[in-house]
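Note that this is a predicted model, so its numbers are computed, not measured. Just so you know, ligand 1 is whichever comes first in the structure, and atom 1 is the first atom listed for that ligand.
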Amino acid sequence: MRAIEKKMPATEKMPVTAGSVRAVFSRIYGNADGVRIARAPGRVNLIGEHTDYNDGYVLPVAIDRQVIVAAQPRPDRVVKLYSVEYDIQVEFNLDQIQYDVEHRWTNYFRGVLKMLEDRGIRLKGMNALVTGDVPQGAGLSSSAAFEVASCYAAQLVSDFPMDPVEMALLCQQAENDFVGVSCGIMDQFASRMARQGHALFLDCRTRAYEQVPLPSRGMRIVICDSGVRRGLVDSEYNNRRRECEAGVAYFRSVLPDIIALRDVPVEEFEEYGGELPPVVRKRCAHVIYENTRVQRSVEVLKAGDIAAFGRLMYESHESLRDLYEVSCPELDALVDIARGLRGVLGARMTGAGFGGCTVNLVEEDAVDGFCAAMPEAYARAAGEERAGRLKIYVTSAEDGAMELLV
Ligand code: ADP
Ligand code: MG
């Protein structure tokens, strides 16, 4: 992350190297013999919101912040895990991996090891360490980064075959079944599979994916965390899912082949959608057109038309605000301010909504101006208190998980 004005309430990015990780590891475990280091990034979704559970399309990138898991094999079945950020170490046995109610942060790691063992992969015991600079709970998926880094580190230490897609799916399963959070496949997929300079076009039904090139220079991805966290995310999320299901049930009555909203073509929606109750109709309209926007995004990006992509981002935001109704005044303010700033090509809320982050596509030479102007304008629109919690992360599209080599 580049240096930004002092005023900017950004959380600093942590410069980590294999050398610095090994040094900390040695301090905790006495030596770093045989240690292997895996890193996996957080992610941000550029377009395709609330499409994943409708079997649709998403277009995330991996960001330049990561979770790192370093691990050293042990001759027994004991696992030790130390967190640099929490300065706590836990210990458990691979033959008895249980959910930890006291140290909940360990469950991402435990869950991944449990899923591996349950698949019949016999792991080696490990001394392990975790550290990271993906902001936690901000919607940039530090949890998926932690899972993927854990799985990758386990693979480096215990040397079992596992292809990248399988790893992403196993990590999702760990979050669903062990941690108990029902997330889709996007986060783990992006963290494992993303490629520098590319967005990852993912079909959430078939898991077919494609690396879509982003402009090779002159552009940055800027994430604004509104600082807003609203409790109604879960209940509203469940309402949206129900409304989508109501839409599917209706369309299936006229078009029997339809399994999810992803299967409803725009023409059919326009022909038959008038019969739907107004709220369900709005929700369906968002999902159906959002899927076409993701497909269109892939086309325009391949054609190098970044301005057209930016317009699709704005359209996505308007649809999330007016049709899906998952935005909030603070996210709308961030997008409206961005729209008025020089060098901003597109902006939208990203994630489930009711707070969290916006994602902005900004010309590189306009990034400093963006970061300087945003806090003040946000304070005027949303109040000083909100603006005090604003965080801005300047990033670009980075590589997915890999080993960190000396
Ligand atoms: P998000 O995925 O949006 O960041 P989650 O609530 O899904 O938010 O996951 C955040 C949790 O992941 C944290 O509360 C913590 O338990 C775990 N986590 C993330 N990064 C780290 C880290 N560097 N060290 C230990 N635990 C971490
Ligand atoms: Mg998460």
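- With S316 contributing its side chain and L312 its backbone, the two residues share no donor-acceptor pair below 3.5 Å.
- Annotation: cation-pi pair R39/Y152 absent, no NZ/CZ under 6.0 Å from the ring centroid and within 45° of its normal.
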List below, pair by pair, the N or O atoms of ligand 1 and of the protein that are less than 3.5 Å apart, including the distance to 0.1 Å; reply 'none' if no pair qualifies.
from     : atom 1 : to   : atom 2 : distance (Å)
ligand 1 : 2 (O)  : S142 : N      : 3.2
ligand 1 : 2 (O)  : S143 : N      : 3.1
ligand 1 : 2 (O)  : S143 : OG     : 2.9
ligand 1 : 3 (O)  : G139 : N      : 3.1
ligand 1 : 4 (O)  : G137 : N      : 2.8
ligand 1 : 4 (O)  : S142 : N      : 3.1
ligand 1 : 4 (O)  : S142 : OG     : 2.6
ligand 1 : 7 (O)  : S143 : OG     : 3.1
ligand 1 : 8 (O)  : G137 : N      : 3.3
ligand 1 : 20 (N) : Q136 : NE2    : 3.3
ligand 1 : 23 (N) : E85  : OE1    : 3.3
ligand 1 : 23 (N) : G132 : N      : 3.4

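- Here the side chain of R65 pairs no donor or acceptor atom with the backbone of Y393 at under 3.5 angstrom.
- Here F201 and Y209 keep their ring centres 6.0 angstrom or further from each other.
- F92 carries R110 over the face of its six-membered ring, with the cationic atom under 6.0 Å from the centre and within 45° of the normal.
- The nearest pair of heavy atoms linking L341 to M374 is CD1-CE, 4.4 Å.
- Proximity of a side-chain donor or acceptor of E49 to a complementary backbone N or O of L320 within less than 3.5 Å is not detected.
- When atom types are taken as modelled, the side chain of S191 and the backbone of P41 share a donor-acceptor pair closer than 3.5 angstrom.
- A salt bridge is defined here as a Lys NZ or Arg NE, NH1 or NH2 lying under 4.0 Å from an Asp or Glu carboxylate O, and E385 with R389 meets this definition.
- Around the Mg ion (ligand 2), the protein atoms of type N, O or S found under 2.8 Å away are S143 OG, listed by chain and number.
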